[in-house]
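To start, the structure itself, in structure tokens.
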There are 2 protein chains.
Amino acid sequence: MEITRETDYAIRCVLYLCEKREEITMIDEIAREMEVPRSFLAKILQKLARASLVKSFRGVKGGFQLARPPARISLLDVVEAIEGEVAMNLCALDQALCGRSKYCPVHPAWVDIRKDFRKVLGKYNFEKLKKTGERQKAKG
Amino acid sequence: MEITRETDYAIRCVLYLCEKREEITMIDEIAREMEVPRSFLAKILQKLARASLVKSFRGVKGGFQLARPPARISLLDVVEAIEGEVAMNLCALDQALCGRSKYCPVHPAWVDIRKDFRKVLGKYNFEKLKKTGERQKAKG
DNA sequence: TTAAACAGGATAAAATCAGTCTTAATTAAA
DNA sequence: TTTAATTAAGACTGATTTTATCCTGTTTAA
Ligand code: SF4
Ligand code: SF4
């Protein structure tokens, strides 16, 4: 049911790149600031890059940069970039994965639930998260 | 992100006991009909019993029976009976589990998301699932 | 040319998943 | 009162996934 730590790291990473919108940021800096193991983060950034959420630059002065504005990156985007398609039950993605699906009364429920979950996760974009964070900071 | 196979088995099991509302049903029968490994199912039924979703009867003529009407058992109940509290991120259950939670802009989002997810899963009770199943059967 | 950076693959320890097995404890019925 | 049928509980196990690390190669600014 839970997202993996890898996904949590990925979200922290996108969060950091949101702050540094204009700059190209090195793995080392992100890893240090966001408390993510450096070599693990390198892998994570590769996945984010393949999903076109970040752009990578190689060579000296290389690093990473957000590929789109924070408002156009949602938690759903990041979760699916790392973990693949979101679903509580695999049969919601492909009914052929379970031989019982044709007559299983729960199967249609998982399909619906998947839609709802994706909708909820899609609502949270990083622009919004930043604002929530600021309100939180203001409070305490 | 996914429920475990154990949870899917548990749901099948509750589904079967819904059909046999009046009777006391043996592990062997449920295991056979729902295609769940018998010895694994025995463990699963213990968890369901501890969560008061089913009643168990020992000895000759023993077996299991639903503890409440299908309308009062939801997918959320079964999922939580098997996997414990539902949450996409553990920090939504206990902010002390992550040292960053006090200033993390994503933390409040996970708390909200958890509420939404529980609400969605709570909507599906087994009375409703049975009806969906019948509609499905009628169609194809 | 060189040093700084990312890319990609191989490897591995630890944790979790998906079970099995064995030994009780309970109970209806012979 | 004995027996056979049934669940309860916990130890154990192999496979898979998670959570990384390390090494070699490629790219690029200076
Ligand atoms: S919900 Fe039904 S169809 Fe989906 S995996 Fe479980 S048994 Fe199969
Ligand atoms: S970093 Fe934020 S979202 Fe991730 S676990 Fe910690 S508090 Fe929760």
Side-chain angles (χ1 to χ4, degrees), chain A residues 1-13 17 20 23-32 34-67 79 81-84 88-90 97-98, chain B residues 1-13 16-17 20 23-32 34-67 79 81-84 87-90 97-98:
Chain A
M1 181 63 214
E2 284 99 22
I3 56 166
T4 61
R5 195 178 309 180
E6 186 182 15
T7 304
D8 191 73
Y9 289 161
I11 292 166
R12 292 189 205 181
C13 175
L17 291 175
K20 305 261 172 171
E23 299 158 48
I24 289 176
T25 312
M26 287 183 303
I27 292 178
D28 281 294
E29 180 181 336
I30 308 173
R32 188 176 358 97
M34 294 290 106
E35 299 175 289
V36 178
R38 195 220 110 98
S39 60
F40 197 13
L41 182 60
K43 291 300 189 193
I44 291 168
L45 277 159
Q46 283 179 36
K47 286 194 192 178
L48 293 176
R50 271 183 235 118
S52 304
L53 297 180
V54 306
K55 282 180 293 189
S56 85
F57 301 90
R58 295 170 72 153
V60 180
K61 298 251 181 184
F64 295 86
Q65 193 177 33
L66 229 51
V79 171
I82 304 299
E83 309 198 353
M88 276 288 271
N89 196 324
L90 261 15
L97 293 175
C98 175
Chain B
M1 181 62 213
E2 285 98 21
I3 56 166
T4 61
R5 197 176 308 179
E6 186 183 14
T7 303
D8 191 73
Y9 289 162
I11 292 166
R12 292 188 205 181
C13 175
Y16 191 75
L17 291 175
K20 305 261 171 170
E23 299 157 47
I24 289 175
T25 313
M26 288 184 303
I27 293 179
D28 281 294
E29 180 181 334
I30 308 172
R32 188 176 358 98
M34 294 290 105
E35 300 176 288
V36 177
R38 197 219 110 99
S39 59
F40 197 14
L41 182 60
K43 291 300 191 193
I44 292 169
L45 277 159
Q46 284 179 36
K47 286 195 192 177
L48 293 177
R50 272 184 233 115
S52 305
L53 298 181
V54 305
K55 283 179 293 189
S56 84
F57 302 89
R58 294 169 71 153
V60 179
K61 299 251 180 182
F64 295 86
Q65 194 177 32
L66 229 53
V79 171
I82 304 298
E83 308 198 353
M88 277 288 272
N89 196 324
L90 261 14
L97 293 176
C98 175

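Throughout, protein chains are lettered first and strands after them, A, B, ... in sequence-line order, and every chain is numbered starting at 1.
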Can you tell me the distance, in whole Å, between the [atom1] atom of [X] and the [atom2] atom of [N]?
X: E2(A); N: dT17(D); atom1: CD; atom2: P; answer: 17 Å
X: E29(B); N: dT7(D); atom1: CD; atom2: P; answer: 11 Å
X: I24(A); N: dA4(C); atom1: CD1; atom2: C1'; answer: 14 Å
X: K47(A); N: dG8(C); atom1: NZ; atom2: P; answer: 13 Å
X: L90(B); N: dT16(C); atom1: CG; atom2: P; answer: 10 Å
X: L17(B); N: dT7(D); atom1: CG; atom2: P; answer: 11 Å
X: F57(B); N: dA8(D); atom1: CZ; atom2: P; answer: 11 Å
X: M1(A); N: dC17(C); atom1: CE; atom2: C1'; answer: 17 Å

Item to check | Candidate pair M1(B) and M88(B), rule side-chain contact (heavy atoms from CB on, under 4.5 Å), full reasoning | outcome: CA-CA 7 Å; M1(B) 181 62 213; M88(B) 277 288 272; 3.1 Å; yes
Next on the checklist: Between I44(B) and T7(B), does the side-chain contact (heavy atoms from CB on, under 4.5 Å) criterion hold? Intermediate values first, please.
Outcome noted: CA-CA 8 Å; I44(B) 292 169; T7(B) 303; over 6 Å; no
Item to check | Donor-acceptor pair, side chain of E2(A) and main chain of L90(B), under 3.5 angstrom | outcome: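 The answer is no, because no donor-acceptor pair under 3.5 Å joins these two groups.
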Next on the checklist: Of the listed nucleotides (dT6(D), dC6(C), dA8(D)), which one gets closest to any side-chain atom of M26(B)?
Outcome noted: dT6(D)
Checklist entry - Closest to the S56(A) side chain: dA29(C), dA8(D), dC6(C)? => result dC6(C)
Next on the checklist: Within this structure, what is the CD-CG distance for the pair E23(A) and L66(A), rounded to the nearest 0.5 Å?
Outcome noted: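 It is 12.5 Å, given to the nearest 0.5 Å.
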Checklist entry - What's the spacing between M26(B) CE and R32(B) CZ if we round to 0.5 Å? => result 7.5 Å
Item to check | Earlier contact from the 5' end, DNA chain C, for G59(B) and G59(A) | outcome: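 First, find each residue's nearest nucleotide; the 5'-ward one identifies G59(A).
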Please produce a list of atom pairs where a protein N or O lies less than 3.5 Å from an N or O of nucleotides 18-25 of chain D.
| from | atom 1 | to | atom 2 | distance (Å) |
| --- | --- | --- | --- | --- |
| dT19(D) | OP2 | R5(A) | N | 3.2 |
| dA20(D) | OP2 | R5(A) | NH1 | 3.0 |
| dA20(D) | OP2 | Y9(A) | OH | 2.9 |
| dT21(D) | OP2 | S39(A) | OG | 2.8 |
| dG25(D) | N2 | R58(A) | NH2 | 3.4 |

Item to check | Test log, rule side-chain contact (heavy atoms from CB on, under 4.5 Å), inputs V36(A) and C13(A) | outcome: CA-CA 9 Å; V36(A) 178; C13(A) 175; over 6 Å; no
Checklist entry - Using a cut-off of less than 4.0 Å, is there contact between a side-chain N or O of Q46(A) and OP1 or OP2 of dC6(C)? => result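 False: Q46(A) side-chain N/O out of range (4.0 Å or more) of dC6(C) OP1/OP2.
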Item to check | Heavy-atom side-chain contact between Y9(B) and M34(B) under 4.5 Å | outcome: no
Checklist entry - Is L45(A) touching bases, backbone alone, or none of the nucleic acid, heavy atoms closer than 4.0 Å? => result nothing
